[in-house]
Amino acid sequence: MTTATDSLNSDRSLDFIRTAVAEDVRNGRYGGKVVTRFPPEPNGYLHIGHAKAMCLDFGVAEEFGGVCNLRFDDTNPVREEQEYVDSICDDIRWLGFDWGDRKCFASDYFHQLYEWAVKLIEGDLAYVDDQSADEIRENRGTLTELGRDSPHRDRSVEENLDFFRRMKEGEFADGSRVLRAKIGMSSPNPLMRDPVMYRIIHASHHRTGDEWCIYPMYDWAHGQSDALEEVTHSLASLEYENHRPMYDWYIKKLGIFPSRQIEFARGNITYTVTSKRRLRELIEKGYLSGWDDPRMPTLCGLRRRGYTPKAIRQFWEDVGIAKRENNIDIAKLESCLRDQLNKVAPRVMGVINPLKVVIENYPEGESEELEAINNPEDLAAGTRQVAFSRELFIEREDFMEDPPKKFFRLAPGREVRLRYAFFITCTEVVKDEAGQIVELRCTYDPETRGGDAPDGRKVKATLHWVSVAHAVVAEVRLYDRLFAVENPLEIADGEDWLDNLNSTSLKVLPNCYLESSLEEARPGQRFQFERLGYFSVDPDSAGGKPVFNRTVTLRDQWARIAGGKQDGK
RNA sequence: UGCCCGGUCGUUCAAUUGGUAGGACAACGGAUUUUGGGUCCGUUUAUCGAGGUUCGAAUCCUCGCCGGGCAGCCA
């Protein structure tokens with residue numbers, strides 16, 4: 001029996017793509033089967049935008065009991081490399097998707113593609129064009145003028161067959177000839193004006209080596225690859241909408257498996273750019289350290305930053321699928337991240353901007369262990385011991401000599417709680433000659449051990465702290481949004497998009513003090529530094545000194561009250 | 001002045017296919033709290049415009065307006 005809430009929960013409406021797929025399944029189109037594909041080009045690293053496509057491609061397949069093929073569109077040997085194939089596989093696995101034994105390559109289909117091209121030629125549906133690239137462009141027409149026929153358009157089938165064979169044999173120079181589909185030069189859609197199917201490129205391919213010197217265009221390879229793999233639903237981004245009539249033309253003329261392409265809008269995110277060209281520029285000009293710089297929107301960058309695969313998938317699931325242009329608030333991504341990290345990240349104390357505190361009534365040379373909860377959101381995570389002693393570090397921002405009304409952390413004469421430890425009261429502020437605060441003298445109340453006062457008195461703040469003698473020294477890298485504006489590519493005349501970079505997207509703090517339990521932290525591990533944010537251990541932590549990357553801050557109401565501009569708005 | 005696609009809270013996605021415009025994020029208030037975290041409760045804000053069809057329109061029709069894509073031998 002279903003209750004009202006059950007049906008409410010299960011009634012989450014399907015997006016337009018899942019609706020279409022569900023309908024096809026119900027109507028028995030493709031015999032009720034669902035096969036999708038994720039088709040990256042191995043010429044760069046995957047980024048968060050690709051994750052959206054993966055969530056869709058793999059997600060739809062799984063939800064409808066089908067499969068999703070991983071297919072590399074490796075039709076351009078001059079841009080593609082094996083290295084990218086490997087990194088792409090790593091990133092997909094990291095995100096948690098599985099292509100089983102269906103790792104496919106468009107290059108696997110080069111022979112079949114060649115045969116199909118011959119078949120089109122034989123049917124007088126394709127021809128070899130001797131025009132130069134410039135001439136072809138010239139004759140293609142414009143958005144408002146129709147194209148003109150190539151002078152070679154009416155070659156005989158025999159001549160076309162002969163030229164095409166000789167193209168393949170390597171008789172002709174790069175760019176001297178192409179094979180074109182004979183669709184018609186007067187279509188209002190310029191993509192349909194006798195599209196190029198093959199071009200001559202004397203270059204070795206990362207998989208087929210020097211076997212070929214003619215390579216299929218993406219538009220000629222992609223739909224046919226779908227057909228060969230019997231992909232039922234080929235989910236593409238909006239810019240391929242105008243290509244669909246061409247794909248359908250090939251399917252019809254060849255009489256092959258009729259995959260159905262459905263287009264959706266890619267997801268843009270505020271304060272970020274995902275174009276490979278721009279990302280490469282950031283690296284080449286030295287703004288970023290590489291493709292896995294923790295500020296990169298690449299999956300390897302996000303991974304190094306400390307993002308979890310689950311958070312990324314949750315994000316795209318929440319955002320949904322539609323066809324309109326969009327620019328998703330990066331705060332949504334951060335919200336998904338915090339939501340997950342909050343549940344799984346062990347809590348720990350670390351002081352990143354230290355201010356020394358001396359507990360005057362605590363005996364010198366002594367220390368004790370206090371019990372701390374590892375994760376209040378998950379009591380099964382247990383507890384740990386933290387060392388307390390006479391000399392401590394607290395966060396410099398947690399003390400104000402002359403506090404405003406809403407500041408309820410430590411101040412002269414004020415009592416606060418040290419988390420899991422004691423109440424302390426500030427008795428004296430020690431300054432250097434320059435007037436800088438260098439140390440606080442405090443007293444503690446031994447009765448408040450653990451953090452509660454037997455007499456029931458309250459404090460307004462709880463501070464994190466680290467015992468000086470027991471601290472682990474670490475480097476902490478504070479990352480923030482890469483760009484200072486929502487739309488980095490939106491620039492006024494004379495401005496450069498690089499001017500939109502956030503100049504404080506990285507602050508390195510070489511000497512931070514962390515509780516001793518962090519001594520054994522391993523690269524990739526994630527923690528919540530209480531009251532500061534989520535941090536993960538960077539692979540640079542090799543040399544004995546741990547390095548932590550700030551993944552994301554905690555939500556911070558005080559920053560807002562204090563007029564902090566931490567979110568750039 | 002070509003063709004294709006799209007326009008719903010600040011953002012993003014919904015609306016049982018013509019029947020009270022809803023969720024999430026953001027923002028703002030309150031409660032609780034040994035993280036100014038978290039949790040809970042509440043509040044504010046939207047159908048691009050003009051006509052038409054209809055008892056009734058975000059949804060259908062017409063005409064506008066605005067945004068995006070397309071003139072690589074890139075994908």
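Within every chain, numbering begins at 1; the chains are lettered A, B, ... in the order of the sequence lines, protein sequences first and strands thereafter.
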For the pair made of [atom1] in [X] and [atom2] in [N], what is the distance, rounded to whole Å?
| X | N | atom1 | atom2 | answer |
| --- | --- | --- | --- | --- |
| L410(A) | G36(B) | CG | P | 13 Å |
| F72(A) | A75(B) | CZ | C1' | 14 Å |
| D15(A) | U16(B) | CG | P | 15 Å |
| E397(A) | G37(B) | CD | P | 17 Å |
| Q557(A) | U39(B) | CD | P | 13 Å |
| R137(A) | C73(B) | CZ | C1' | 10 Å |

Exercise for the section: Kindly check if the number of other-residue, nucleotide or ligand heavy atoms within 6.0 Å of NZ (K310(A)) is above 12? Expected result: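 For K310(A), atom NZ is not crowded (no more than 12 foreign heavy atoms under 6.0 Å).
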Problem - Selected nucleotide, minimal atom distance to E241(A) side chain, candidates C4(B), C13(B), A26(B) - result: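 Closest nucleotide among those given: C4(B).
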Handout entry: Residue N342(A), side-chain atoms from C-beta onward, closest of A26(B), G38(B), G2(B)
Key =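 So the side chain of N342(A) is nearest to G38(B).
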Practice task
Extract the stems that RNA chain B is part of, considering only consecutive pairing runs of at least three Watson-Crick or G-U wobble pairs, both distances under 3.5 Å.
Solution key: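 Runs of three or more consecutive pairs: B:2-7 with B:65-70, B:10-13 with B:22-25, B:27-32 with B:38-43, B:48-52 with B:60-64.
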Handout entry: Check ion pair E263(A)-R244(A) (N to O, under 4.0 angstrom)
Key =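 Yes, this pair counts.
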Practice task
Could you tell me whether R560(A) and D556(A) have a side-chain N and a carboxylate O separated by less than 4.0 Å?
Solution key: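 No, this pair does not count.
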Problem - A75(B) base stacked by Y218(A) (centroids within less than 5.5 Å, tilt under 30°) - result: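 Not stacked by the 5.5 Å and 30° rule.
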Practice task
Would you check if the distance from the ring center of Y198(A) to the ring center of Y215(A) is below 6.0 Å?
Solution key: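 They do not qualify: ring centres at least 6.0 Å apart.
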Practice task
Kindly write out the residues that satisfy side chain to side chain contact (heavy atoms under 4.5 Å, CB included) with E138(A), not counting sequence neighbours, or none if the list is empty.
Solution key: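 Side chain to side chain contact (heavy atoms under 4.5 Å, CB included) check on E138(A) returns R148(A).
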Practice task
For the residue pair Y127(A) and D194(A), confirm or rule out a side-chain donor-acceptor distance under 3.5 Å.
Solution key: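 D194(A) and Y127(A) do have a side-chain donor-acceptor pair below 3.5 Å.
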Problem - Distance-only polar pair, side chains of E334(A) and Y307(A), donor-acceptor under 3.5 Å - result: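 No pair is found: no donor N or O on one side chain lies under 3.5 Å from an acceptor on the other.
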Practice task
For G72(B), decide between syn and anti, treating a glycosidic angle within 90° of 0 as syn.
Solution key: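 Here G72(B) takes the syn form, which means its glycosidic angle is within 90° of 0.
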Practice task
Taking syn as within 90° of 0 and anti otherwise, name the glycosidic form of U17(B).
Solution key: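 It is syn.
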Handout entry: Distance-only donor-acceptor test, R560(A) side-chain atoms vs G36(B) base atoms, 3.5 Å
Key =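 Flag unset: no donor-acceptor pair detected.
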Exercise for the section: Determine the contact category for N242(A): base if any of its heavy atoms lies under 4.0 Å from a base atom, sugar-phosphate if only primed atoms, P, OP1 or OP2 are that close, otherwise nothing. Expected result: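 Base: the residue N242(A), judged by heavy atoms under 4.0 Å, touches a nucleobase.
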